[in-house]
Amino acid sequence: MSNPAGPGPETVRPSAAAPGPIGAGAATAEAGPATDRPAPAADVRAPHRDSAPGGRPLRLGTRRSKLAMAQSGMVADQVRQLTGRPVELVEITTYGDVSKESLARIGGTGVFVSALRDALLTGGIDFAVHSLKDLPTAEPDDLVLAAIPVREDPRDALVARDGLTFAELPPGAKVGTGSPRRMAQLNAWARSHDLDIETVPIRGNVDTRIGYVTSGTLDAVVLAAAGLNRIGRLAEASELIDTSVSLPAPGQGALAVECAASNQELAAQLAELDDPFTRAAVTAERSLLAALEAGCSAPVGALADLVADGQFTELRLRGVVGTTDGTSLVQMSTTGPVPASDDEARAVGRELAVAMLAKGAAGLMGERTS
């Protein structure tokens, strides 16, 4: 059953869209629908070959950012151990990596995965590793999401000057983020606590974003805790923002390991990396996103987690939709048995979406995909 939730207050190069985010270059997107925007031909660099013995190296397609390379390297090590085969990283540039437009303007999530998926379908690579929140919610028939490994911390992280927490930021503090979802929730939380902040749209890789703080351009930036942890920079966060303040993007903190559906042997091997609970949780979150028919710039957050009352363990799915200024939010949750299948997990997401739409969520999301 769905209930209202209580109020509560990405790796990347800069853009030039209006209202213009600080910086210019590639960016990591929030979760959302696929884009129809055509991507340029994939720019593929020479592979980084693992030295392990075995048969023909498996080719792992990855974006070129420091975070993407770190994530893919982790999966490559695990796949090498599973298969006994060497793994080489094949760097691929996506449309989202080269476009200087804002994420809302270029279409959101699909821009970061289409070139990788093209390489899978043409046989240029054997499998790909994505940040799950970058994947469109519809899976192509000729590809399979072979594994969703154990999820990292899904929370957002604040990196602020002088080690300040969000509540300690000075009046008029400038907080940078490329995410409408974060803007909506942080502005709402600040408003409810009589705090005066200005959220500033930014793009850029982790170094660039944190550099806005160290240079004094911004008072703080908000990034995904999982990304900071994977590149060894989580200690620079001054606060891990509680999910009662800011729900993450659907799938945030999780990785997706994808291969061609026709390669059943590899899909079966990669499935050994799958974590059933993580898959159930993110499937429910992404089902909520799909059922809301959210547009590419919609501020939508969702998180499924386990709750225990000492006797039973259940899955709780929370969702939020809001305006970026934080003046209007629809926050709801539903709790029930842990899903035993993908279909059951999708049903949980659809149920919550229906309840949120009935409370007016559609009017807060701008353009929808229907």
Side-chain angles (χ1 to χ4, degrees), residues 29 31 34 39 41-50 52 54-65 67-97 109-152 230 251 253-283 286 341-342 345-346:
D43 177 11
V44 181
R45 285 188 182 175
H48 300 270
R49 183 163 297 184
D50 193 304
R56 176 184 71 77
L58 290 168
R59 298 157 301 171
L60 190 168
T62 177
R63 292 172 59 199
R64 293 179 178 175
S65 72
L67 175 57
M69 294 292 287
Q71 293 174 165
S72 296
M74 291 163 43
V75 173
D77 288 342
Q78 295 173 315
V79 172
R80 182 190 63 199
Q81 294 172 13
L82 276 175
T83 65
R85 293 172 64 179
V87 177
E88 59 187 30
L89 301 187
V90 180
E91 298 178 39
I92 297 175
T93 299
T94 69
Y95 182 80
D97 293 320
T109 56
V111 296
F112 293 100
V113 303
S114 59
L116 290 164
R117 285 180 158 176
D118 288 345
L120 278 173
L121 295 173
T122 59
I125 57 175
D126 297 301
F127 66 110
V129 173
H130 312 280
S131 291
L132 184 62
K133 65 187 180 69
D134 289 346
L135 282 184
T137 53
E139 182 76 12
D141 291 339
D142 38 13
L143 297 176
V144 61
L145 198 53
I148 302 175
V150 175
R151 188 181 207 167
E152 272 269 12
R230 286 176 180 140
L255 298 178
V257 184
E258 191 172 46
C259 70
S262 59
N263 195 341
Q264 297 181 6
E265 180 181 0
L266 178 59
Q269 292 174 318
L270 295 175
E272 295 295 319
L273 302 178
D274 195 67
D275 178 63
F277 173 70
T278 298
R279 181 177 285 269
V282 300
T283 297
R286 285 161 54 79
S341 67
D342 284 358
R346 291 187 190 98

Would you indicate whether the side-chain heavy atoms of [Y] and [X] approach each other to under 4.5 Å?
{"X": "Ser65", "Y": "Glu91", "result": "no"}
{"X": "Pro57", "Y": "Arg85", "result": "no"}
{"X": "Ser131", "Y": "Gln71", "result": "yes"}

[X] and [Y]: which non-hydrogen atoms are nearest, and at how many Å?
{"X": "Ala254", "Y": "Thr278", "result": "CB-CG2, 4.3 Å"}
{"X": "Ile125", "Y": "Gly61", "result": "CD1-CA, 3.6 Å"}
{"X": "Ala70", "Y": "Arg230", "result": "CB-O, 3.8 Å"}
{"X": "Leu132", "Y": "Ala256", "result": "CD1-CB, 3.7 Å"}
{"X": "Thr62", "Y": "Leu116", "result": "N-CD2, 3.6 Å"}

How long is the gap from [atom1] on [X] to [atom2] on [Y], to the nearest 0.5 Å?
{"X": "Ser72", "Y": "Asp77", "atom1": "OG", "atom2": "CG", "answer": "11.0 Å"}
{"X": "Leu120", "Y": "Arg59", "atom1": "CG", "atom2": "CZ", "answer": "9.5 Å"}
{"X": "Glu152", "Y": "Met74", "atom1": "CD", "atom2": "CE", "answer": "6.0 Å"}
{"X": "Leu255", "Y": "Lys133", "atom1": "CG", "atom2": "NZ", "answer": "11.0 Å"}

Legend entry - Test side-chain contact (heavy atoms from CB on, under 4.5 Å) applied to Arg63 and Ile92, step by step: CA-CA 5 Å; Arg63 292 172 59 199; Ile92 297 175; over 6 Å; no

Legend entry - Partner residues of Ser341 under the side-chain contact (heavy atoms from CB on, under 4.5 Å) criterion, sequence neighbours left out: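 Result, side-chain contact (heavy atoms from CB on, under 4.5 Å) vs Ser341: Asp343, Glu344.
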
Identify every side-chain donor-acceptor pair in residues 259-271 under 3.5 Å, counting partners at least two apart or on other chains, and give the distances.
from, atom 1, to, atom 2, distance (Å)
Asn263, OD1, Leu266, N, 3.2

Inset, instruction - Apply side-chain contact (heavy atoms from CB on, under 4.5 Å) to Arg286 and Arg346, showing your working. - result: CA-CA 8 Å; Arg286 285 161 54 79; Arg346 291 187 190 98; over 6 Å; no

Legend entry - Lys/Arg N to Asp/Glu carboxylate O, Arg151 vs Asp275, below 4.0 Å: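 No, this pair does not count.
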
Just distance, no hydrogens or angles: give the donor-acceptor pairs under 3.5 Å from side chains in residues 142-150, sequence neighbours left out.
none

Legend entry - Stepwise side-chain contact (heavy atoms from CB on, under 4.5 Å) check, Leu60 with Arg80: CA-CA 11 Å; Leu60 190 168; Arg80 182 190 63 199; over 6 Å; no

Inset, instruction - Starting from the C-alpha separation in whole Å, work towards a yes-or-no answer on side-chain contact (heavy atoms from CB on, under 4.5 Å) for Leu58 and Glu88. - result: CA-CA 6 Å; Leu58 290 168; Glu88 59 187 30; over 6 Å; no

